[in-house]
Peer 1: 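Structure in structure tokens, see below.
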Amino acid sequence: IRRKLAMRYVGVRKTFHVEASELVSSIYTADMLFIFLIAIFSVFFFYLLQTDAMASSGLFFKDGKKRIDYILVYKKSSPQVEKRSTFEKNLRAEGLMLEREPAVTNSDIMFVKIHCPWETLCKYAERMNIRMPFRKKCYYTDWRSKTMGRLLKSWLPRNPMKLDKEALPDLEETDCYTAPFSRARIHHFTINNKDSFFSNSTRSRIVHHMLQRTKYEDGKSKMGINRLLNNGTYEAAFPPHEGSHKSRHPIKTHGAQNHRHLLYERWARWGMWYKYQPLDLIRRYFGEKIGLYFAWLGWYTGMLIPAALVGLFVFLYGLFTMDSSQVSKEICEANETIMCPMCERNCTLQKLNESCIYAKVTHLFDNGGTVFFAIFMAIWVHLTLLYDYWEELRPQFEAKYSQVERVNPITGKPEPFQPFPDKLSRLMVSVSGIFFMISLVLTAVFAVVVYRLVAMEQFASFKWYFIKKYWQFATSGTGVCINFMIIMSLNVVSLLLTESEWENSFALKMFLFQFVNLNSSIFYIAFFLGRFAGRPGKYNKLFNRWRLEECHPSGCLIDLCLQMGVIMVLKQMWNNFMELGYPLLQNWWSRRKMKRGGQLMEHKISLPQWEKDWNLQPMNLHGLMDEYLEMVLQFGFTTIFVAAFPLAPLLALLNNIIEIRLDAYKFVTQWRRPMPARATDIGIWYGILEGIGVLAVITNAFVIAITSDYIPRFVYAYKYGPCTDQGYRQEKCLKGYVNSSLSVFDLSELGMGYSGYCRYRDYRAPPWSSTPYEFTLQFWHVLAARLAFIIVFEHLVFGIKSFIAYLIPDMPKDLCDRMRREKYLVQEMMYEAELEHLQKERKKNGKQYHHEWP
């Protein structure tokens, strides 16, 4: 019985275990199925959320898949409906995809989002000959040089100006060789992801290329988005930014949200002022043309560092030797030397020591280091231009002016053609406009000269003692301020009178006008002020009424320094305000108008990216022309008269450090994203810079020889001073120089009740000589020395420049080797592609093939 019960118990237990195990198994299966369903639902729900987030972020179409490559904006109330519909129909026929969406803050605004599919991108990338990455770079260098380089890097301290490699993304193009894209050899290119193979800037450039060449009406000239923007069909056309430039989370812990955010954190912030620029990232986001501008600006700013240091050293040398200068001592101690009146009616006789302050200030800029600094800067100019960072592609605007067509001998297709008479007539109109504006500038300079002649009489008889004592400084200061206001006013007039769609032509015209406008008054002070005033008793007068202005007893260099310093500082401050302050005010005013409408607070968070970009300011009408023009004018201002103002490179350096971050902040945060454009150099600006370099050598030679007192002091020290026979020059050799440089005039000849003698700056015989008031032999010696110095200085500088240009190649050997290797690899890729294609065809057809070149 016990055995039977035990067997029954065992059977029941087995049955229980089987049923329990089946129950557990069924429960486990149900749980797993439930978890699987939850996972699928979660993935699907997350996908929907991500799709909605991407669509609402303003970077994709409503489906969350198609990336927005370009934005067109138009008003629903615009009457140009037919042109717009024809244009968009032709865009779809070219392969683009369009989607409309109304604005959130303005019911009259409609946005047209454009997406370029993969097939269309490939087709136009091949047509536009866009270079794309196809193979990783491999540099073949000696292992010894690698080892030595690593050792030197480990020993040297870390450069604080370099950006951390972890702070920037791994840009694929920088580590790959590039080749013109080809659909037939597409498998040779490194396509890890079709969505990211073409960068956003490249996609926008391709779309812009299509927009420029799509017709909106029948006719040879009825094409292009620019015409539609001009006739009001569209309000704006721009590529979108890649998202917000700010983030709630720090970039060090959470990384960058997008390239715009990365550019802001690592480039546009003021805290990065001492860091190198991320040029690869700038080129990737804004295109090669803007990247080249910032590359050139960075190079120019870096080259200003040694020039600023040397100029500061020359200034400090003059500051420390101010009191020990023999010329300054003699002027400050000349309490018995009476100077002739410097104006007709209201000027009185003054003692020479009253100009002691002027003499000391003049020594700050006119000392023994001035000639060395002028030679250094003349060589520095050409060293700056030897760096070849930089043919530029331009849209087709000939159709606007041409009335006939001709067959292109290369393509065999008809194209717009402008006959020579039409070109000549346009050229004559353009040249006439330039001459009119330049004559306007010269008229303004003449008006300032007349003001100085009238004002010096008024200030000399002013009631306030301070102005009456320093009437020359008051005349020069007010003249500089008036001249600056005229310069800025004429710059605005030039923008209104000058119109050209050819970038190089417009740049050249604007440069010529603004260069003459900025430097004409400086040329007058440097080379004409006091040169034709005459002498006491026989002064030259303007219109037989106003006596021409003379130089101060200490020379005209102090007037030149004052003119350059005031104009340079005020102009840089004004330019910085207009570059950043004006867009900030415009954006603030647009936000204020939206806030008054009661729409900003409701939709500020949910505004899509394209509408945020629409509320930003568009880039300047002429693109980078204003940026280049400002820097090229500064380059000329820094180099042409640098011998008279050694602090000019230092002021330019400080301005450029601010300028780089101002431009970066403006491009990243205040402007809509500009159209990325291709460029291989800086265009016409390089030729303009070379012309400025040649002009700088000539003008600095003339400033030292004519405006400065360096040559008269040199001639006196070696020919007339106490060290004539000793063959060397020191400060003691200039003893008696001031007395030697002043001529004597009989006051009784003025007929103003004076008696005795007065002194004036010139080399003329005294009134008691056989030939009174004629030029002395010392005058002709000084004149010959000045001419000889100009010739020697120019030949010396140009000789050194040619020698340096011979020693330094136009292209570094390492870069030349990389380019040659890239060319070789491109050819190799083409051969391999053809061989692989042929082998596949033979294998497909079942034929035998051999490893040989076809």
Peer 1: Any disulfide bond (SG atoms under 2.5 Å apart) involving residues 740-780? Give me the pairs, sequence neighbours left out, ordered by first then second residue.
Peer 2: Cys340-Cys758
Peer 1: Name all residues meeting the side chain to side chain contact (heavy atoms under 4.5 Å, CB included) criterion together with Gln778; count only those two or more places apart in sequence or in a different chain, and write none if there are none.
Peer 2: Tyr716, Tyr720, Ser740, Tyr763, Thr776, Val782
Peer 1: For the pair Arg764 and Tyr773, evaluate side-chain hydrogen bond (donor to acceptor under 3.5 Å, both in side chains) and give the outcome as yes or no after the intermediate values.
Peer 2: CA-CA 5 Å; Arg764 294 180 181 269; Tyr773 307 122; over 6 Å; no
Peer 1: Kindly write out the residues that satisfy side chain to side chain contact (heavy atoms under 4.5 Å, CB included) with Arg531, not counting sequence neighbours, or none if the list is empty.
Peer 2: Ile706, Thr707
Peer 1: Are Ser708 and Asp366 close enough that a side-chain donor and a side-chain acceptor fall under 3.5 Å?
Peer 2: yes
Peer 1: Are the side chains of Ser355 and Ile331 in touch, meaning some heavy atoms are under 4.5 Å apart?
Peer 2: yes
Peer 1: Would the distance check show the side chain of Asp746 and the main-chain N or O of Tyr757 forming a donor-acceptor pair, the cut-off being under 3.5 Å?
Peer 2: no
Peer 1: For atom CZ of Phe702, decide whether the heavy atoms of other residues, nucleotides or ligands shown that lie under 6.0 angstrom number more than 12.
Peer 2: no
Peer 1: Quick one: disulfide bond (SG atoms under 2.5 Å apart) pairs with a partner in residues 768-800, sequence neighbours left out?
Peer 2: none
Peer 1: Does one side chain, of Arg759 or Asn739, offer a donor that lies under 3.5 Å from an acceptor on the other?
Peer 2: yes
Peer 1: Going from CZ on Phe528 to CG on Leu548, what distance comes out if it is rounded to the nearest 0.5 angstrom?
Peer 2: 12.5 Å
Peer 1: Hey, are Thr478 and Tyr451 close enough side-chain-wise for a donor-acceptor pair under 3.5 Å?
Peer 2: yes
Peer 1: Measure the spacing between CZ of Phe365 and CE of Met564 and express it to the nearest 0.5 Å.
Peer 2: 10.0 Å
Peer 1: For Val744 and Tyr760: C-alpha separation, side-chain torsions, deciding distance, then whether side chain to side chain contact (heavy atoms under 4.5 Å, CB included) applies.
Peer 2: CA-CA 7 Å; Val744 181; Tyr760 61 98; 5.9 Å; no
Peer 1: Looking at Asp323 and Lys360, is there a salt bridge between them, counting it only when a charged N and a carboxylate O are closer than 4.0 Å?
Peer 2: yes
Peer 1: Starting at CD of Glu550, measure out to CG of Asp762 and round the result to the nearest 0.5 Å.
Peer 2: 9.5 Å
Peer 1: Could you list the residues that satisfy side chain to side chain contact (heavy atoms under 4.5 Å, CB included) with Thr321, not counting sequence neighbours?
Peer 2: Tyr317, Ser324, His363
Peer 1: Examine Phe789 together with Phe714 and report whether their ring centres are nearer than 6.0 Å.
Peer 2: no
Peer 1: Once you round to the nearest 0.5 Å, how far does CZ of Arg786 lie from CD1 of Ile791?
Peer 2: 15.0 Å
Peer 1: Ignoring hydrogens and geometry, is there a side-chain-to-backbone donor-acceptor pair from Thr699 to Ile640 under 3.5 Å?
Peer 2: yes
Peer 1: With side chains defined as the heavy atoms from C-beta onward, is the minimum distance between Lys351 and Thr337 less than 4.5 Å?
Peer 2: no
Peer 1: Under a 4.5 Å cut-off applied to non-hydrogen side-chain atoms, are Pro646 and Thr370 in contact?
Peer 2: no
Peer 1: Quick test of your reading: applying side-chain hydrogen bond (donor to acceptor under 3.5 Å, both in side chains), list the pairs with at least one residue in residues 629-649, sequence neighbours left out, ordered by first then second residue.
Peer 2: Tyr300-Gln634, Gln634-Asn656
Peer 1: Ignoring hydrogens and angles, tell me if any N or O in the side chain of Gln326 forms a donor-acceptor pair with the backbone of Cys733 under 3.5 Å.
Peer 2: no
Peer 1: Is there side-chain contact between Leu529 and Tyr524, with heavy atoms separated by less than 4.5 Å?
Peer 2: yes
Peer 1: Hey, could you give me the CE/CG distance between Met339 and Leu352, rounded to the nearest 0.5 Å?
Peer 2: 5.5 Å
